[in-house]
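Take a look at the structure below.
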Amino acid sequence: MYVFIYIMDDKINISYITLSGYVDLNKYRYFYFFIVLTVYILTVCSNATILYLIWIHKNLHEPMYIFIAALLFNGLLYSTNIYPKLLIDFLSEKPIISYSACLLQFFMFYSFGGSEFLLLAAMAFDRYVAICKPLRYRNIMRRSTVSTFLITALFVAVFYPVVLAMLSYQAKLCTFNLEGIFCNNTIYSLQCVRSTTLAVFGIVAFSNVVVLPMLFTSFTYANIFRISYRSSKQSRKTTVETCVPHLLVLTSYFCLMTYDVVIARVQSDFPKIARFIMTMQISLYHPLLNPFIYGFKMREINKRLKKLFLQCRQKNQSAVIC
């Protein structure tokens with residue numbers, strides 16, 4: 001039985017939504033809880049470790065590492081927006097969420113998700129200048145340029161979701177059963193009438209926040225490959241090792257976000273188990289993989305990390321001796 005209060009006027013719009021996207025929650029609740037808790041702890045520890053290293057070492061206060069830090073911090077916020085609520089729901093008899101909290105999660109999910117594409121585009125531009133225009137790198141990638149990229153990524157990523165959330169808040173709801181495990185585009189299925197304004201604005205948002213940064217990043221890396229192909233064999237090898245993993249991560253994330261947008265707007269009997277698996281992939285993989293793809297593989301970060309572990313080990317040995 002749904003628990004809800006719904007009074008539509010200028011002041012009150014309160015409702016409680018049942019999250020029905022879980023597969024065999026009663027049977028696998030502790031398994032789900034253990035997996036998500038493990039991933040969340042690993043995500044927090046790995047992202048926080050690299051952020052700490054970049055913060056304390058001044059020689060890592062370079063544009064490339066600043067963008068990496070911004071990406072990892074964004075991943076931490078993205079995970080924190082989803083995982084704690086998932087953990088609570090796994091242990092609940094019936095997962096529910098208020099409509100206001102649902103819209104807040106929706107806003108944060110797409111703000112942090114969109115900013116990842118914009119930050120990856122900024123990182124691609126930084127790599128392009130470093131590899132293709134090394135003599136002009138210091139003049140182009142100044143502090144003001146980096147700050148502009150970061151502020152733009154934040155503003156653009158926040159602007160579209162906040163408008164979508166406000167428009168959704170004003171919509172009338174006809175059902176209180178959400179076929180998902182957290183609040184994403186599936187909230188549109190709760191509305192009595194599909195708003196044309198929401199649909200058009202959503203397409204514009206997806207194009208500007210996801211598609212255009214994706215095309216820019218792909219085009220930038222293509223230019224890097226083209227120029228590196230004319231260089232030495234070592235240069236080509238370094239470029240491939242650096243850029244190919246980035247492109248693979250970007251492509252997979254783009255596919256998952258495209259699925260997230262399309263499946264909510266297309267009325268289809270998509271299997272519940274498939275929907276559950278795809279939704280879990282959106283939330284689990286990238287926040288955990290980013291520290292390894294963009295952090296631990298970086299030579300300077302790897303060197304600092306080994307030194308940090310060595311210092312911790314020496315402290316532990318000294319403590320045991322005492």
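In what follows, residues are counted from 1 in the order of the sequence shown.
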According to a 4.5 Å side-chain heavy-atom criterion applied to Ile, Leu, Val, Met, Phe, Trp and Tyr, with indirect links allowed, do [X] and [Y] form part of one hydrophobic cluster?
X	Y	result
Val209	Phe219	no
Leu250	Leu212	no
Val193	Phe176	no
Met257	Leu215	yes
Leu42	Val36	yes

* Which word best sums up how the rings of Tyr99 and Tyr169 line up, parallel for under 30°, tilted for 30 to 60°, or perpendicular for over 60°? ->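 Ring orientation of Tyr99 relative to Tyr169: parallel.
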* Report the relative orientation of the aromatic rings in Tyr221 and Phe225; use parallel for angles under 30°, tilted for 30 to 60°, perpendicular for over 60°. =>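 The arrangement is tilted - the two ring planes meet at 30° to 60°.
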Taking all heavy atoms of [X] and all of [Y], pick out the closest pair and write down the distance.
X	Y	result
Thr217	Ala124	CG2-CB, 3.7 Å
Ser79	Pro287	OG-CB, 3.0 Å
Leu190	Asn177	CD2-O, 3.5 Å
Ala122	Phe67	CB-CE2, 3.9 Å
Phe107	Ala165	CB-CB, 4.4 Å
Leu173	Gln191	CD2-CG, 4.1 Å

With rounding to the nearest 0.5 Å, note down the distance linking [atom1] in [X] to [atom2] in [Y].
X	Y	atom1	atom2	answer
Asn47	Phe292	CG	CZ	9.0 Å
Phe216	Leu120	CZ	CG	11.5 Å
Thr220	Ile224	OG1	CD1	6.5 Å
Lys94	Thr18	NZ	OG1	4.5 Å
Leu53	Ile56	CG	CD1	5.5 Å
Tyr30	Ile35	OH	CD1	16.0 Å

Within the distance-only criterion (no hydrogens, no angle test), does the side chain of [X] pair as donor or acceptor with the backbone N or O of [Y] below 3.5 angstrom?
X	Y	result
Thr145	Ile140	yes
Ser20	Leu178	yes
Ser92	Pro95	no
Gln105	Ile82	no

* Partners meeting side chain to side chain donor-acceptor pair (under 3.5 Å) with Arg142 (sequence neighbours left out) ->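 For Arg142 there are no side chain to side chain donor-acceptor pair (under 3.5 Å) partners, ignoring immediate neighbours.
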* Cys132 and Asn223: side chain to side chain contact (heavy atoms under 4.5 Å, CB included), yes or no, with the steps? -> CA-CA 9 Å; Cys132 303; Asn223 275 327; 5.6 Å; no
* To do: Tell me, with the steps shown, if Tyr83 and Thr43 meet side chain to side chain contact (heavy atoms under 4.5 Å, CB included).
  => CA-CA 10 Å; Tyr83 290 170; Thr43 300; 4.3 Å; yes
* To do: Ignoring hydrogens and angles, state whether a donor on the side chain of Asn208 or Tyr160 is under 3.5 Å from an acceptor on the partner side chain.
  =>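 Looking only at side-chain atoms, Tyr160 and Asn208 do form a donor-acceptor pair, the distance falling under 3.5 Å.
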* Asked: Quick one: do the Asn184 and Tyr110 side chains pair a donor with an acceptor below 3.5 Å?
  ->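 Per modelled atom types, Asn184 and Tyr110 side chains form no pair under 3.5 Å.
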Between [X] and [Y], is any pair of side-chain heavy atoms under 4.5 Å apart?
X	Y	value
Leu87	Leu37	yes
Ile66	Met141	no
Leu118	Thr152	no
Cys102	Ile187	yes
Leu103	Ser168	yes
Met214	Tyr253	no
Phe149	Leu119	no
Asn59	Tyr65	no

* **Verdict with supporting geometry, Ile131 and Ile227, side chain to side chain contact (heavy atoms under 4.5 Å, CB included)** => CA-CA 9 Å; Ile131 294 174; Ile227 294 174; 5.5 Å; no
* To do: Using a cut-off of 6.0 Å, state whether more than 12 heavy atoms not belonging to Arg226 lie near its atom CZ.
  =>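 Yes, enclosed.
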* Enclosure of Tyr137 OH (heavy-atom neighbours >12, cutoff 6.0 Å) ->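 Atom OH in Tyr137 is packed in, count exceeds 12.
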* To do: Check ring pair (Phe, Tyr, Trp, His ring centres under 6.0 Å) between Tyr22 and all other residues, then give those that pass, not counting sequence neighbours.
  =>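 Partners of Tyr22 by the ring pair (Phe, Tyr, Trp, His ring centres under 6.0 Å) criterion, ordered by chain and then number, come out as Phe90.
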* **Intermediate values then yes/no, ring-ring contact (aromatic ring centres under 6.0 Å, His included), Phe109 and Tyr78** => CA-CA 6 Å; Phe109 175 74; Tyr78 179 90; 5.5 Å; yes
